[in-house]
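Everything on this sheet refers to the single structure shown next.
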Number of protein chains: 2
Amino acid sequence: MSTENKGRRVTAADVAKSLGISRATVGFVLNKTRGQTISEATRKRVINEAARLGYRPHTAAQALARGRSRIILLVLPDWPLEYSMRRHIAEASGFLEEAGYSLVTYTIHETSRPLWESLDPDVVIGLLPFSEEEVESIRASGITNIVPVPDAHTPAWQTGPSIVAGPELQVEHLVERGHRKIAFAAPGDNRLRSFGEARRNIVTNKALELGLGEVDCRQIDRQDDSPQVAVREWVNAGVTGVVAFNDEIAAVVTSAALRQGLAVPGDLAVIGHDDDPWGEILVPALSTIRMDVEGLGRLLALTALNAVDGRDVPQGEPNAVATLVRRAST
Amino acid sequence: MSTENKGRRVTAADVAKSLGISRATVGFVLNKTRGQTISEATRKRVINEAARLGYRPHTAAQALARGRSRIILLVLPDWPLEYSMRRHIAEASGFLEEAGYSLVTYTIHETSRPLWESLDPDVVIGLLPFSEEEVESIRASGITNIVPVPDAHTPAWQTGPSIVAGPELQVEHLVERGHRKIAFAAPGDNRLRSFGEARRNIVTNKALELGLGEVDCRQIDRQDDSPQVAVREWVNAGVTGVVAFNDEIAAVVTSAALRQGLAVPGDLAVIGHDDDPWGEILVPALSTIRMDVEGLGRLLALTALNAVDGRDVPQGEPNAVATLVRRAST
DNA sequence: AGGGGGTACTAGCTCGCGCAAGGTACGATT
DNA sequence: AATCGTACCTTGCGCGAGCTAGTACCCCCT
């Protein structure tokens, strides 16, 4: 299947010439183009000859001709993916493939130009919401299909049950454990700023709703002394429970508390978010929130397809969106 | 930069028309084409106008015209990537970008069509050797640049001194801290088996060389009671220092020790590998090995670039390969 | 005045494919 | 006999950019 033309790639024109028919016909057959009638005999001849010659459509040419790359870029968070998550991505990938799309996964790193600029995907879809800078950057590459959609007024991901549930569970859990004065540990990292704000608001509202006092919110940066300062002042102010933005922040806070000779959860209880595998290793093991990544992932795949068609985000929410993982830190 | 043409993408022709010059000139300027003389004035005008209009070259069109996608596909193993590996990849990605290439990472899953068929990369490069079926499949997609080449030698980054240095440093450090009876904590995960074996051998050899006793090697699996068992038996056997495969394993061991009421490093010292950021957060903070990620990433990138040019795998080794990070756990 | 040799560009073909619009042959209908 | 309809296929343009082979102009030298 390869010894014929010395190295040059087989094109649709080669298939056509070899059969003595026009290139368009080959295209129609291979694309199952609707609105074209092709005799069964020709159909078979084309398909066989294409296979015999080892014809593969040239992706770039297709993308150029139809104006779509048929690539969907899935942006992953920068932490190790659990097994179930990876499996789900594989599933989503297969699902999308049947629709003629390729799923490319991507982890953002600051060192290099984001992949959406060079890959020209039809959709960029994030497992986590994008920061404003990221949205800006994606838009600037001429990509209009971004999921989750950054709606100007009420961002869906800031109000959607799937996102709200986590922080609310964190607060409820602390209250259930008897804490009445709680604090929020926000990420110092600028890229997580807007995401942090969102979660803080949810926590604040929930605290209000449950009749708790003011929620003392502080930014935690592992690089400086902010963890130490925050812990000291929290304890002085009578805070006994800390809701952390994620597991890493929770770990940093816990760490700072332990180094000050405080007991966790005795003097200060800490709950994280995301169920990072590291959280289980820590002493004390970190209580946290596990998101229904699989459900979310499936939803995202569907959303991606709909986004390509210009349709809206599907309505179905994953059912079990967030669950509490009780461990030693609370 | 966007309000001019309603939605349509800006092409090089737009830039040219807007300046009243030919499209070719725009191309020459933007590609810094050698062998073409362009006046400095025109150069600047083109560059400014391109920026003003928000011009982005159409990747697919470029790929079609020059016959190269400028995509390098890095095939990853199907297991959670250690922190250091993710950094290598980020590093390589940045390096390749400067050369005008995009690095796309990919984990093979059986459920879907392999990405090399639809992405048309210039090179497919694997962290692990490919199976024969895989090589066959890649070849069938018309891709000739495959690394590691089926029957060439193993890539340098899999055997070179860069890999040996880390484990040796771990052992040396423990000895320096006065430990004479050490153990090795291997990953339980089957997929890391061969890596674990490799590092264990290095540790064993180094221990022999330094005149230490037998190295007690045990597999650690976070999911079962192997950490507890290992720690107990190690301590009973008089082991005082543990060399861990990576920081995660080190953390798990530390954790198990603490939970048994042992002091770290008092009763058992533990040293990790890879300098995962989580290691610094732990109490006690984890001593570890920091790899020269920049060098390794560069090597990976160079290998890929050379493959594009049809050249062979480079021989050069990264120079400063591994350094010891002293923290509280030893 | 007629080259010769730069410099600074432009015209136009090419890549492989999708797809709209246009044939053509042949039997059926008026 | 002329027209129509349909099944089947072809011609040819366009996608956006790379790049070769010019061309027009100017300066300098004999």
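Naming: A, B, ... by sequence-line order, numbering from 1 per chain.
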**Message:** Nearest heavy atom decides the nucleotide; on that basis, is A:Ile21 or B:Leu64 closer to the 5' end of DNA chain D?
**Reply:** A:Ile21
**Item:** Between C:dT14 (P) and A:His58 (NE2): distance, integer Å
**Value:** 17 Å
**Asked** Do A:Asp122 and A:Ser69 have side-chain atoms, one donor and one acceptor, less than 3.5 Å apart?
**Response** yes
**Prompt:** Has the side chain of A:Gln36 got a donor or acceptor that lies under 3.5 Å from a partner of the other kind on the base of D:dC9?
**Reply:** yes
**Asked** Would one find a side-chain N or O of B:Asn31 under 4.0 angstrom from OP1 or OP2 of D:dC19?
**Response** no
**Request:** Would you mind telling me which of C:dC9, D:dG16, C:dC17 lies closest to the side-chain atoms of B:Ser39?
**Result:** C:dC9
**Item:** Atom pair distance, as rounded to whole Å: CD in B:Gln62 and C1' in C:dG16
**Value:** 16 Å
**Prompt:** Between the side chains of B:Glu97 and A:Ser112, does any donor sit under 3.5 Å from an acceptor?
**Reply:** no
**Asked** Nearest-Å distance, CD1 (B:Ile38) to C1' (C:dT7)?
**Response** 10 Å
**Prompt:** Between D:dC15 and B:Thr11, is there an OP1 or OP2 to side-chain N/O distance shorter than 4.0 Å?
**Reply:** no
**Asked** Which nucleotide sits closest to the side chain of B:Ala24: C:dA11, C:dC15, C:dC19?
**Response** C:dA11
**Fill in**
Heavy-atom closest pair (A:Ile146 atom, A:Arg139 atom, distance to 0.1 Å) is CD1-CG, 4.0 Å
**Prompt:** Taking atom P of D:dA17 as reference, at what distance in whole Å does atom CG of A:Asp120 sit?
**Reply:** 10 Å
**Request:** Decide yes or no, distance alone: a donor-acceptor N/O pair under 3.5 angstrom between the base of D:dG16 and the side-chain of B:Arg56.
**Result:** no
**Request:** Output yes when at least one side-chain N/O atom of B:Thr42 is less than 4.0 Å from OP1 or OP2 of C:dA8, else no.
**Result:** no
**Request:** For residues B:Arg86 and B:Ile89, determine if any side-chain heavy atom of one lies less than 4.5 Å from a side-chain heavy atom of the other.
**Result:** no
**Message:** Using whole Å, what does the distance between atom P of nucleotide D:dG16 and atom NZ of B:Lys17 come to?
**Reply:** 11 Å
**Message:** Does D:dT10 have its OP1 or OP2 closer than 4.0 Å to a side-chain nitrogen or oxygen of A:Ser22?
**Reply:** yes
**Message:** Rounded to whole Å, please give me the gap between CZ in A:Arg66 and P in C:dC19.
**Reply:** 8 Å
**Asked** The side chain of B:Thr37 lies closest to which of these nucleotides: C:dC19, D:dT20, C:dT7?
**Response** C:dT7
**Request:** Rounded to the nearest angstrom, tell me the gap between atom CG in A:Asp14 and atom P in C:dC15.
**Result:** 11 Å
**Nearest-nucleotide 5' precedence on DNA chain C, A:Pro57 against B:Glu40** = B:Glu40
**Fill in**
Minimal heavy-atom distance between B:Ala99 and B:Arg70, with the atoms involved, is O-NH1, 3.6 Å
**Request:** Take atom CZ of A:Arg68 and atom P of D:dC15, then tell me their distance rounded to the nearest Å.
**Result:** 17 Å
**Request:** Give the minimum heavy-atom separation between A:Tyr106 and A:Arg113, together with the two atoms involved.
**Result:** OH-O, 4.1 Å
**Request:** Using a cut-off of strictly less than 4.0 Å, decide whether A:Thr25 has a side-chain nitrogen or oxygen near OP1 or OP2 of D:dT10.
**Result:** yes
**Request:** Identify which nucleotide among D:dG18, D:dT10, D:dT20 has an atom closest to any side-chain atom of B:Phe28, counting heavy atoms from C-beta outward.
**Result:** D:dT20
